[in-house]
Amino acid sequence: MKNKLALMIADAVTVCTKKGLLPDVQLPHIEIEVPANPEHGDYASNTAMILASQAKQNPRKIAQAIQENLADSEGIIGQIQIAGPGFLNFRLKDNVWQKILREVLDQKNRYGCVNVGGEKKVQVEFVSANPTGPLHIGHARGAVVGDVLSNLLTATGYQVSKEYYINDAGNQMNNLGKSVLYRYRELLGEKMEFPENCYRGDYIRDISSDIIREQGNRYLTENEDETISCFNAIAGGVILEGIKQDLQDFGVTFDCYFSEKELYRENGVRNLLVSLQKQGFIYSDGETLWFKTTNYGDEKDRVVIRKNGDPTYFAADIAYHRNKFARGFDLLIDIWGADHHGYMPRLWAAIQALGHKKDDLKIILVQLVNLLRAGEPVAMSTRSGEFVTLREVLDEVGRDAARYNFLMRRSDSHLDFDLDVAKKQSNENPVYYVQYAHARICSILRMATERGMKLPSYGDIDPALLVQPDEKNLLKMMARYPEMLEGAARTLEVHRITFYLNELAGIFHGYYNKNKVVSEEASLSAARLVLVDAVRIVLSNALAILGVSAPEKM
RNA sequence: GCGCCUGUAGCUCAGCUGGAUAGAGCAUCAGACUACGAAUCUGAGGGCCGUAGGUUCGAAUCCUACCAGGCGCGCCA
């Protein structure tokens, strides 16, 4: 709808310039918005005001010229008003909104899908936690944001691939092996100091005792380095399996798990650095190799090969992102914890050196989660191993409530997650508000069929009977669903979907309390059944993108 | 010290890339079930949009400077 109006305005401006009513102006981006105040119509545009400065004319006069030259070939506009400093306010004909019902009912679970992505190939990389311990609550937010963003982009015409990058080649993994070895020895009766930078969580002890059960104490006498690297592999595998299981129970799946080790095969990382050095992006100071990230606005250059000869994490990441582009993705999206924001400039520098545009890599920062219980902060410390895991949150509040809560804020704002509120089945918990609307409609439809009514289709009803203000609002709200998805996809802001859902559910609940859907009047009942059925479809579609269930009963 | 993010109702947050009288939810107060599901609804109160300048027809939104909070500033990942 927005797009139709924008096109009509753009055409009208062109006609105006041809007729000489306007000087030869640059056509601006046509902004169509839904006015906050319903008295200002269904849609409004500020085009005349934007043009005013360029054309050096009174904006109201320009608005009038646009209005007079607007060709409404489909006959959807009921009324145009010029208001305020030069707004064009559009009121559409009632039957335009009523036709939305047919679209929703025809398209069913496809309603809302738009093709703004043009089938571009996009990769979303998220979670990517080291397999050194179970996922905790902080990872959970990134997991949901990435998963839902992927669903959203799929619905808006992108080919999406979801990827998890496994950092399994660095020091952290070595520390994991050491940690397992420490617990292994301890369980076999040795007394020793707890090694530096190692993991204390109980899951380490579990892995050690599994090794003892299966292989006994033979590693006590083996070469320590070999044992560590062996324990490394065992523990990494076990932990990664646990992570995958937790994610799956959280409703998050990946198309690809990419191992950092891949990048080092056949000297891949070093060969890439050599070629970048030849191109002048990398220089040596005699001991170390530096990447000239300052060429692209970073604060200082970054080391890629250390004094000891080992490549840095950054070096591997350059190779990783080159690998991603080489796989044919048009757009890369990385989802990171906000504490990594300082890393962004160097990665953007790297992809530009590789010949890509900065915009080809979008980075979404997800802020940290403050975990609360009844309003009080829950103490968490990774070092001591005392953190609340994703698994515990899932067990305590359930998948739907957990996911929905993570989606109620913009990603870059801090999120308070209160375990007690999230598991309450009350009005403090917005997920039930939306699910309840869906269940309520299902209940109405059930009741109608139980009374022997046949659920009508669009052709059976007279949509002009839907004249209540709330009925019109429901229709308009449903018409805006594709526009909302488009905006969310354009800005990569998944929280817009939850806000939309709350509003749609709210209008429905109000409508339900004022009006009886099934009444004595057969034709009115039929029209209303079709209306609420359409609302059910839209609720269900939006919840599906969020990966939250749409229950028929609660 | 430098950089990034955030300051909007008592609390938690939206505000659609600059629009018209700044909005929700929670909490508070007052109401609505012999009604298709009260996990719901109706109404009320509540604001110097951190502060001060600037840009223009118009600013919560953009620019500058301060103030407050968070996070970074490794040859860790």
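All values below were derived from every heavy atom in this structure, side-chain atoms included, with hydrogens, water molecules and symmetry-related copies excluded. Residue numbers start from 1 in every chain, and the chains themselves are labelled A, B, ... in the order their sequence lines are given, proteins ahead of strands.
With its glycosidic angle within 90° of 0, B:U17 is assigned syn. In this entry the base of B:C33 is syn relative to its sugar, with a glycosidic angle within 90° of 0.
In the model, A:Tyr313 has no side-chain atom that pairs as donor or acceptor with a side-chain atom of A:Gln172 under 3.5 Å. Inspection of the A:Tyr320 and A:Glu260 side chains reveals no N or O donor paired with an N or O acceptor under 3.5 Å. Between the side chains of A:Gln435 and A:Asp400, at least one donor-acceptor pair of N or O atoms lies under 3.5 Å.
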Subject >> Derivation and outcome, side chain to side chain contact (heavy atoms under 4.5 Å, CB included), residues A:Met478 and A:Val535 >> reply: CA-CA 7 Å; A:Met478 288 192 279; A:Val535 173; 3.9 Å; yes
Subject >> Intermediate values then yes/no, side chain to side chain contact (heavy atoms under 4.5 Å, CB included), A:Arg490 and A:Val116 >> reply: CA-CA 8 Å; A:Arg490 195 184 64 242; A:Val116 290; over 6 Å; no
Subject >> side chain to side chain contact (heavy atoms under 4.5 Å, CB included) evaluation trace for A:Leu240 with A:Asp168 >> reply: CA-CA 10 Å; A:Leu240 187 60; A:Asp168 50 7; over 6 Å; no
**OP:** Apply salt bridge (Lys or Arg N to Asp or Glu O under 4.0 Å) to the pair A:Asp317 and A:Arg302, showing each step before the final yes or no.
**Re:** CA-CA 13 Å; A:Asp317 226 12; A:Arg302 306 291 173 176; over 6 Å; no
Original post:
Which is it for A:Asp420 and A:Leu372 under the side chain to side chain contact (heavy atoms under 4.5 Å, CB included) test, yes or no, and what are the steps along the way?
Top reply: CA-CA 8 Å; A:Asp420 285 344; A:Leu372 308 174; over 6 Å; no
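The distance from atom CZ of A:Arg496 to atom C1' of B:U17 is 9 Å, rounded to the nearest whole Å. Protein atom CG of A:Leu51 is 14 Å distant from nucleotide atom P of B:C57, rounded to whole Å. One can place CD of A:Glu503 at 14 Å from P of B:C16, the figure rounded to the nearest angstrom. The CG atom of A:Leu492 sits 16 Å away from the P atom of B:C16 (whole-angstrom rounding). Look at CG on A:Asp412: it is 12 Å from P on B:C13, rounded to the nearest Å. In this structure, A:His495 places its NE2 atom 17 Å from P of B:A24, rounding to the nearest Å. When the C1' atom of B:C57 is taken as reference, atom CD of A:Gln57 falls 15 Å away, rounded to whole Å. Atom-to-atom, CZ of A:Phe406 to C1' of B:C13 comes out at 16 Å; the value is rounded to the nearest Å.
Under the 4.5 Å side-chain criterion, counting only non-hydrogen atoms from C-beta, A:Phe258 is in contact with A:Leu263. Residues A:Asp412 and A:His341 fail the side-chain proximity criterion, which asks for heavy atoms closer than 4.5 Å. The shortest side-chain heavy-atom distance between A:Thr293 and A:Leu347 does not fall under the 4.5 Å cut-off. By the 4.5 Å heavy-atom criterion applied to side chains, A:Val397 and A:Asn405 are not counted as neighbours.
Between the side chain of A:Asn46 and the base of B:G19 there is at least one donor-acceptor pair of N/O atoms closer than 3.5 Å.
Note: A:His495 and A:Phe499 have perpendicular aromatic rings, judged against thresholds of 30 and 60 degrees for the angle between ring planes.
At the heavy-atom level, A:Met49 lies under 4.0 Å from base atoms of the strands shown. Within the nucleic acid shown, A:Pro430 has no heavy atom closer than 4.0 Å to any nucleic acid atom. Residue contacts for A:Ala44: at a heavy-atom cut-off of 4.0 Å it reaches a base atom on one of the strands shown. Within 4.0 Å (heavy atoms only), A:Val304 reaches no atom of the nucleic acid at all. Residue-level contact check: A:Asn89 touches the bases, meaning some heavy atom is under 4.0 Å from a base atom.
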Under 3.5 Å between N/O atoms: give me all the protein pairs with nucleotides 73-77 of chain B, atom names plus distance.
from	atom 1	to	atom 2	distance (Å)
B:C75	O2	A:Lys307	N	2.7
B:C76	OP2	A:Arg306	NE	3.3
B:C76	OP2	A:Arg306	NH1	2.5
B:A77	OP1	A:Arg306	NH2	3.4
B:A77	OP2	A:Tyr313	N	3.1
B:A77	O4'	A:Gln172	NE2	3.4
B:A77	O2'	A:Asn130	ND2	3.3

Where do N or O atoms of nucleotides 46-49 of chain B meet protein N or O atoms at under 3.5 Å, pair by pair?
none

Between the protein and nucleotides 32-40 of chain B, which nitrogen or oxygen pairs come in under 3.5 angstrom?
from	atom 1	to	atom 2	distance (Å)
B:C36	O2	A:Val518	N	3.2
B:C36	N3	A:Val517	N	2.9
B:C36	N4	A:Tyr512	O	3.1
B:C36	N4	A:Asn515	O	2.3
B:G37	OP1	A:Ser443	OG	2.6
B:G37	OP2	A:Ser443	OG	3.4
B:G37	O2'	A:Tyr436	OH	2.4
B:G37	O2'	A:Arg440	NE	3.0
B:G37	N7	A:Ser443	OG	3.2
B:G37	O6	A:Met554	N	3.2
B:A38	OP2	A:Arg440	NH2	2.7
B:A39	N1	A:Gln425	OE1	3.2
B:U40	O2'	A:Arg440	NH1	2.9
B:U40	O2'	A:Asn513	ND2	2.8

Please write out each protein N/O paired with an N/O of nucleotides 10-12 of chain B under 3.5 Å, distance rounded to 0.1 Å.
from	atom 1	to	atom 2	distance (Å)
B:U12	O2'	A:Arg409	NH2	2.3

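Here the separation of B:G3 from B:U64, taken at their P atoms, is 11 Å to the nearest Å. Here, B:C63 and B:U12 have their P atoms 27 Å apart, quoted to the whole Å. Taking atom C1' on both nucleotides, B:C41 is separated from B:C33 by 11 Å, rounded to a whole Å. Annotation: B:G43 and B:G7 have their C1' atoms spaced 32 Å apart (nearest Å). Rounded to a whole angstrom, the distance from the P atom of B:G15 to that of B:G50 is 15 Å. Here, B:A52 and B:G10 have their C1' atoms 27 Å apart, quoted to the whole Å. Distance noted for atom C1' between B:U40 and B:G46: 24 Å (whole Å).
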Original post:
How does RNA chain B read in dot-bracket, base by base from 5' to 3', with Watson-Crick or G-U pairs under 3.5 Å and | used when the partner is on another strand?
Top reply: (((((((..((((.....[...)))).(((((.......))))).....(((((..]....))))))))))))....
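Nucleotides of RNA chain B nearest to A:Ile32 and A:Asn502 differ in position, and the one nearer the 5' end is that of A:Ile32.
Listed nucleotides B:G19, B:G15, B:C4 differ in distance to A:Arg410; the shortest reach to its side chain belongs to B:G15. With B:C16, B:A14, B:A20 as the candidates, the nucleotide lying closest to the side chain of A:Phe499 is B:A14.
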Could you pull out every donor-acceptor pair under 3.5 Å between side chains of residues 80-92 of chain A and any protein atom, sequence neighbours left out?
from	atom 1	to	atom 2	distance (Å)
A:Asn89	ND2	A:His40	O	3.4
A:Arg91	NH2	A:Glu39	O	3.2

